[in-house]
Each structure stands twice: as structure tokens, then as C-alpha cells.
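To keep things clear, I will list the structure first and then write my remarks on it.
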Amino acid sequence: MLSIEQIRRDPEFVRQALATRGEEGPMDELLTLDSQRRQAISQGDELRARRNQASRAIGQLRAQGEEAPEDVVLEMREVGQEIDVLERQTRELDERIHSILLELPNLPREDVPRGLSEEENIVVRQWGEPKSLDFPAKPHWDLAEEMGIIDFQRGVKLSGSRFYTMSGYGAKLERATIAWMLDLHSREHGYTELMLPILVRREVMEGSGNLPKFADNLYRDEEDDLWLIPTAEVPITNLYRDEILPPGSLPRYYVAQTPCFRREKTAAGRDTRGIKRVHQFNKVEMYKIVDPETSDDELDRLLADAEDVCQRLGLAYRVLQLCTGDISFPSAETFDIEIWSAGCEEWLEASSCSNCTDFQARRANIRYRPAAGSRPEFVHTLNGSGLALPRVIIAILENNQQADGSVIIPEVLRPYTGFDIIPASGG
RNA sequence: GGAGAGGUGGCCGAGUGGUUGAAGGCGCCGGUCUCGAAAACCGGUAUACCCGCAAGGGUAUCGCGGGUUCGAAUCCCGCUCUCUCCGCCA
């Protein structure tokens with residue numbers, strides 16, 4: 001959420017920053033509502049002050065055994081009604097302002113490349129060479145099906161399109177990869193491992209920025225109004241909701257594996273084959289809660305931690321800096337990591353690392369106290385996939401496939417899988 | 001799902017209509033004392049909003065929302081959350 005103070009102070013700046021994302025900020029409306037709101041508050045406060053004064057006087061009279069003067073009581077009764085009216089006005093104005101603010105995305109950092117579509121994203125570096133095989137490379141949907149480690153048909157039978165099941169070596173590979181990633185981040189990169197609820201309340205979704213704007217991409221349990229998380233970022237963002245973290249408690253680094261649920265309504269028809277885009281997938285997510293001063297540096301390190309995963313797996317990748325129009329709703333700056341996969345011959349987005357600055361902190365009201373006795377300030381939050389499993393599995397299968405239809409397991413995973421090759425018939 | 005109890009400041013805990021933002025204690029910060037520390041003593045210690053250049057002033061907040069009243073932490077109603085017991089259950 002953007003701060004109304006900033007909008008009040010420099011509406012033109014905010015308008016232009018939003019424009020770089022292709023968003024129109026209704027600044028004039030906001031400013032009008034804001035000034036009306038402040039006026040209503042002012043008047044209400046004044047009347048309440050009067051009433052408090054009168055009531056206190058009555059209290060003193062009563063203490064001395066005297067009656068309250070009739071005319072004062074009558075007058076205050078009227079004042080009370082005026083206060084009610086002003087309070088209702090204030091509440092309405094508050095709600096209108098709030099609902100507009102909830103729909104506005106974060107402002108991009110200064111150095112984010114300007115641009116309205118993904119065409120303007122910039123490749124900032126590449127690691128490794130895209131693998132080319134000396135035999136016809138199969139896409140994973142063929143390869144995995146032939147091996148018997150992914151069953152698309154039966155996934156559809158259970159849950160509909162874009163669901164799948166894994167078995168045997170495939171299921172073990174995914175479990176091993178998750179465990180290895182969690183160990184890497186928690187043991188070597190300094191993150192605290194979390195186990196989290198994957199069903200959350202409505203206000204939790206608001207705090208992270210998924211509601212109200214992106215309700216159509218979420219699954220929901222109507223009866224209890226619980227929502228299935230699209231990423232672990234959602235519950236982690238809200239861990240410290242409405243709290244003031246004491247001095248010395250930042251930075252905090254977290255890592256968690258959760259299933260992620262996305263309806264992908266908007267993407268109907270895209271990537272329909274294989275497991276690249278599905279309704280349920282596993283993801284290892286890294287998350288940081290940091291001092292605002294440090295968030296730009298923290299983003300670099302977050303990205304480096306995600307890159308480390310690719311490097312150790314021996315997956316060639318490139319890092320993209322997303323342009324203003326392509327960064328996600330709560331993000332001020334985002335780098336994507338795309339890994340090369342030899343079968344579908346594509347760069348697959350396996351990680352997205354974002355600095356959300358104080359955007360989520362404002363929504364979720366997460367603050368910290370820089371020093372004992374000082375005023376609370378909003379924290380900065382960052383998140384990054386470390387990594388999304390299906391696309392890593394795709395890349396491992398497609399890049400490491402052999403001419404005989406088997407797949408070599410990356411060395412770092414072998415202690416976790418307990419096997420170093422998936423035979424051509426591995427289900 | 002059934003029955004009961006309860007939600008007060010960072011924590012514990014008092015408070016059933018009138019200077020209660022809220023006693024007391026703990027914790028924390030500063031000071032005195034000390035070579036230093038502890039103890040003791042003294043002082044301070046919520047958040048948000050509004051007006052103001054500032055100094056300062058005002059308002060709100062005792063789970064949330066509504067009601068009664070000149071006035072509500074205190075009374076009434078609804079909701080919510082937590083705990084205990086029973087039931088169910090991996």
C-alpha cells in the first residue's frame with residue numbers, strides 16, 4: 001500500500017511513478033477525499049473535546065451531590081448526534097481512500113528500467129551455456145511419461161486439467177530436491193526454516209497484496225472463508241502482522257517449502273503441455289524482513305542465493321531485470337532467474353526475487369523499532385523463489401536425459417535421492 | 001460438533017458508569033551510588049490520527065462492531081479469538 005502522506009506531499013511524483021507501470025493513479029480523487037477526511041476528523045475532534053469537557057464538569061457536580069444542568073445535558077445530546085454524523089462521514093471517507101489505495105501497486109525503484117511490457121526486460125547476466133544434446137532431445141512431457149514417473153492422465157482424472165501425479169523415481173527426485181534446497185538455504189545461506197499453514201484468512205491475503213485485486217487467481221474455501229496460498233510469501237509476510245519488532249531483531253531470513261495453488265485463469269491456453277504451468281506445485285521460498293536502509297543490498301544477496309541453487313545443480317541460467325511494467329504488484333524491483341531447458345528449448349522462469357520495500361509492511365502493518373525508545377518504522381520485505389520445483393524438475397529431466405531414455409541425477413542431489421540415475425523405465 | 005471460562009499497556013495483573021491512557025509489579029531506558037558491576041534509590045517508558053513552521057494543543061484506542069448515556073474498560077446486543085472438558089480424528 002502506498003502512503004497517503006507521500007501522495008499528499010508529492011502527488012505528481014506518485015502519478016508519474018505509477019505511469020511507468022502503466023497505471024493511472026486517481027491522485028485528484030485521493031487528494032479530495034483526503035482533505036475531506038481530515039476536515040471531518042478535525043470537526044469531530046473539536047466536538048468531542050467540547051463534550052469531554054462538559055461531561056467532566058457534570059461528573060464533578062455529581063461528586064458534590066449536585067444535579068447536572070438541564071440545558072447542558074440537552075446541548076451535549078445534540079453535540080453527540082453531530083459527532084455521530086461526522087464519525088460516519090469519516091468512516092466512509094476512510095473506506096473509500098483505503099479501497100483506492102489497495103488497488104494501487106508499489107512504486108518502482110529509481111533504477112528499474114522503464115518499459116511497459118516484458119519486451120523491455122533486460123538480461124543482466126548469464127551463467128553457463130544452454131545445453132545442447134547430440135541426439136534428439138525430448139520434451140519432459142514425453143520423456144517423463146515414457147519413463148513412467150509423471151502421469152498426466154490420472155492427474156486430470158483426480159483433479160482436472162493442469163494437475164498431474166508423480167511416482168517412483170520422479171516423486172523421490174522432487175522430494176530430494178526440496179530437502180536439498182531447504183538444507184542449502186538454512187545451513188549455508190542463513191535462513192530459518194519454517195513450516196506454514198497453506199490455508200489462510202482473508203486479511204492475510206490482503207496483507208501480502210493478493211486481495212482484493214487478484215481474487216480470481218486464488219482458490220478458496222467458502223465455508224470458512226479460508227484461502228489456499230499461491231506462494232509461501234503470503235503466510236510469511238503476515239507472521240508479524242500488526243507487530244512492532246524490538247530493536248536488534250532485523251534482519252530476519254526465512255525459508256519454507258509449501259505447495260502453491262494458482263487458478264491461472266488468465267493464462268488459459270498457454271503452456272498446456274507438461275508441468276510448466278499447473279494449478280498446484282511445490283516451491284521453496286526465501287523471505288527477508290529487513291531494515292529499509294539495507295533492502296537494496298539484501299535483494300542482491302537474495303538473488304545470489306537463488307543463483308547458487310542453479311549453479312550447484314549445473315543449470316545454465318540468465319538473470320533478467322524486469323522493467324517497470326512487468327514487476328509484480330507489490331514489488332519495487334524484481335529480478336527473474338530463467339533456467340535453460342533443452343527439451344522444450346526454452347528459458348524457464350524458476351525464480352522471481354523482489355524487493356517489496358514498505359508496500360507489504362504498510363498493508364500488513366509490520367514495523368520495527370530502530371532503537372530503544374525511538375519511533376516505530378515500517379520494515380522492508382523481500383521474497384524470492386529458491387526455487388520453484390516443477391521447472392527445476394523439467395530442466396533436470398530434459399538437460400540430463402541420455403540417448404537411451406534414462407536421466408542422470410545432479411551430483412549434489414544424490415545423497416538425497418539415494419540413486420544417481422533414473423532408468424528409462426523409472427515409474 | 002457439545003459444555004464452560006476468558007480476552008486490559010512489552011509481560012503479569014488491578015479496576016463494574018465520572019480527570020483511568022488506565023493502580024501495582026516485572027521488564028526496558030536514563031541517572032545517583034561504585035574502581036567496575038550487582039543491589040538500592042530517583043526519573044522515564046504505548047500507538048495512531050488531526051491542528052500547528054515549531055513549541056504545543058486536541059482526539060481515539062482496555063479483542064472487534066453496534067447500542068444505552070451528558071459521560072463506557074466498566075451496562076446491553078452481535079461477532080471473533082483463546083483456553084479447559086467431552087466428542088471426533090491423522
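Computed from a predicted model, the values in this text were never measured in an experiment. Here is how names work: the chains are called A, B, and so on, in the same order as the sequence lines, proteins then strands, and each is numbered from 1.
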#### Entry: Any A:Arg91 side-chain N or O less than 4.0 Å from OP1/OP2 of B:G66
yes
### Task
Select base, sugar-phosphate, or nothing to describe what A:Pro376 touches, counting heavy atoms under 4.0 Å on all strands.
sugar-phosphate
### Query
Does A:Arg51 place a side-chain N or O at less than 4.0 Å from the phosphate oxygens OP1/OP2 of B:G18?
no
### Task
Would you kindly compare A:Glu87 and A:Arg201 by the position of their nearest RNA chain B nucleotide and give the one closer to the 5′ end?
A:Glu87
### Task
May I ask you to evaluate whether A:Asn52 reaches the phosphate of B:U59, defined as a side-chain N or O under 4.0 Å from OP1 or OP2?
yes
### Task
State whether the distance check finds a donor on one side and an acceptor on the other, under 3.5 Å, for side chain A:Arg62 versus base B:G18.
yes
### Message
Between A:Phe329 and A:Phe359, is the ring centroid distance below 6.0 Å?
### Response
yes
### Task
For the pair A:Asn106 and A:Arg21, evaluate side-chain contact (heavy atoms from CB on, under 4.5 Å) and give the outcome as yes or no after the intermediate values.
CA-CA 9 Å; A:Asn106 202 357; A:Arg21 307 192 51 154; 4.3 Å; yes
### Closest non-hydrogen atom pair between A:Asp216 and A:Arg263, with its separation
O-CD, 3.6 Å
### Query
Counting side-chain heavy atoms from CB outward, which of B:U59, B:U47, B:U19 is closest to A:Arg48?
B:U59
### Message
I want to check one thing: is the phosphate of B:U47, taken as OP1 and OP2, less than 4.0 Å away from some side-chain N or O of A:Arg369?
### Response
yes
#### Entry: Under-4.0 Å side-chain N/O to phosphate OP1/OP2 contact, A:Arg56 with B:U19
no
#### Entry: Nearest to side-chain heavy atoms of A:Ser42, which nucleotide of B:U19, B:C50, B:C70
B:C50
### Query
If you check the A:Arg375 side chain, which of B:G58, B:A48, B:A60 turns out closest?
B:A48
### Query
Within 45° of the ring axis of A:Tyr368 and under 6.0 Å from its six-membered ring centre, is that where the NZ or CZ of A:Arg252 lies?
no
